[in-house]
Amino acid sequence: QVQLVESGGGLVQAGGSLRLSCAASGRIFSINDMGWYRQAPGKQRELVAATTSGGSTNYADSVKGRFTISRDNAKNTVYLQMNSLKPEDTAVYSCNADVQYYDSYYRRLRTYYWGQGTQVTVSS
């Protein structure tokens, strides 16, 4: 009943910038936490940045000062502004959201949803 779609990934040179977007759609009642994760080949998935419905944020140490997470609750969308990109930032980036939604019987349920992921490649 809910779908998350990421956009904005691509190829960029070291020192460049990208802005990722993730929009949630469907029979949504509300969204609490939203975040961005990344996974490089052969490595564990890690949290990059997250934000709560109340506006608090947290970041991985490796991206502090370079990345900024923000959200537009009216559009059910979360963004990740990535500046001063480094080759080690190369990974598949996925968004995640804690969603309350209605099923086909209009019962209100709650679960975490994931987007399909978008590739970010930073060349040296």
Side-chain angles (χ1 to χ4, degrees):
Q1 293 88 359
V2 177
Q3 185 176 15
L4 273 58
V5 179
E6 300 105 331
S7 62
L11 175 65
V12 65
Q13 295 182 357
S17 299
L18 286 173
R19 183 173 183 258
L20 305 183
S21 300
C22 175
S25 62
R27 292 182 286 182
I28 297 171
F29 175 78
S30 65
I31 300 178
N32 190 20
D33 297 351
M34 302 187 77
W36 288 96
Y37 295 76
R38 68 185 181 188
Q39 187 169 22
K43 296 185 178 181
Q44 298 279 356
R45 183 183 64 197
E46 65 174 345
L47 174 69
V48 178
T51 180
T52 69
S53 60
S56 63
T57 60
N58 67 291
Y59 298 88
D61 289 340
S62 60
V63 307
K64 287 181 178 177
R66 299 188 297 120
F67 291 9
T68 302
I69 188 170
S70 61
R71 63 192 292 171
D72 185 337
N73 291 328
K75 297 181 178 180
N76 291 325
T77 299
V78 63
Y79 307 93
L80 185 67
Q81 179 67 46
M82 305 185 295
N83 299 325
S84 302
L85 283 162
K86 304 175 181 179
E88 50 263 43
D89 294 320
T90 296
V92 174
Y93 286 70
S94 301
C95 67
N96 172 270
D98 179 4
V99 183
Q100 293 189 75
Y101 66 98
Y102 294 100
D103 69 2
S104 59
Y105 293 97
Y106 293 95
R107 297 175 297 185
R108 197 171 78 195
L109 307 176
R110 181 174 180 174
T111 191
Y112 284 90
Y113 279 88
W114 289 89
Q116 79 286 353
T118 184
Q119 177 70 48
V120 172
T121 302
V122 184
S123 62
S124 60

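Bear in mind that the values here come from a model prediction, so they are computed numbers and not experimental data.
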Output the distance between atom CG (L20) and atom CD (Q81), rounded to the nearest 0.5 Å. 9.0 Å
Between N76 and M34, what is the shortest heavy-atom contact and its length? O-CE, 4.2 Å
For S53 against D33, the heavy-atom pair lying closest together: N-OD1, 4.4 Å
Within residues 55-89 or reaching into it, pairs that qualify as ring-ring contact (aromatic ring centres under 6.0 Å, His included) - sequence neighbours excluded: none
Where at least one partner belongs to residues 75-99, residue pairs that pass salt bridge (charged side-chain N to carboxylate O under 4.0 Å, His left out), sequence neighbours excluded: R38-D89, R66-D89, D98-R110
For Y101, which residues count as a ring-ring contact (aromatic ring centres under 6.0 Å, His included) partner, sequence neighbours excluded? Y113
Q119 side, atom CD; T90 side, atom OG1 - distance, nearest 0.5 Å: 7.0 Å
For S84, side chain to side chain donor-acceptor pair (under 3.5 Å) partners two or more places apart: none
Hey, what do you get for CG (N96) to OH (Y37), rounding to the nearest 0.5 Å? 5.0 Å
Connected-component partners of F29 among ILVMFWY, side-chain separation under 4.5 Å: Y102, Y106
How long is the straight-line distance from CG of L80 back to OG1 of T51, given to the nearest 0.5 Å? 11.5 Å
Distance in Å, N32 CG paired with Y112 OH, rounded so as to fall on 0.5 Å steps: 7.0 Å
With distance as the sole criterion, is a donor-acceptor pair present between the side chains of S30 and Q100 under 3.5 Å? yes
Set of residues satisfying side-chain contact (heavy atoms from CB on, under 4.5 Å) with respect to V12, sequence neighbours excluded: L18, L85, V122
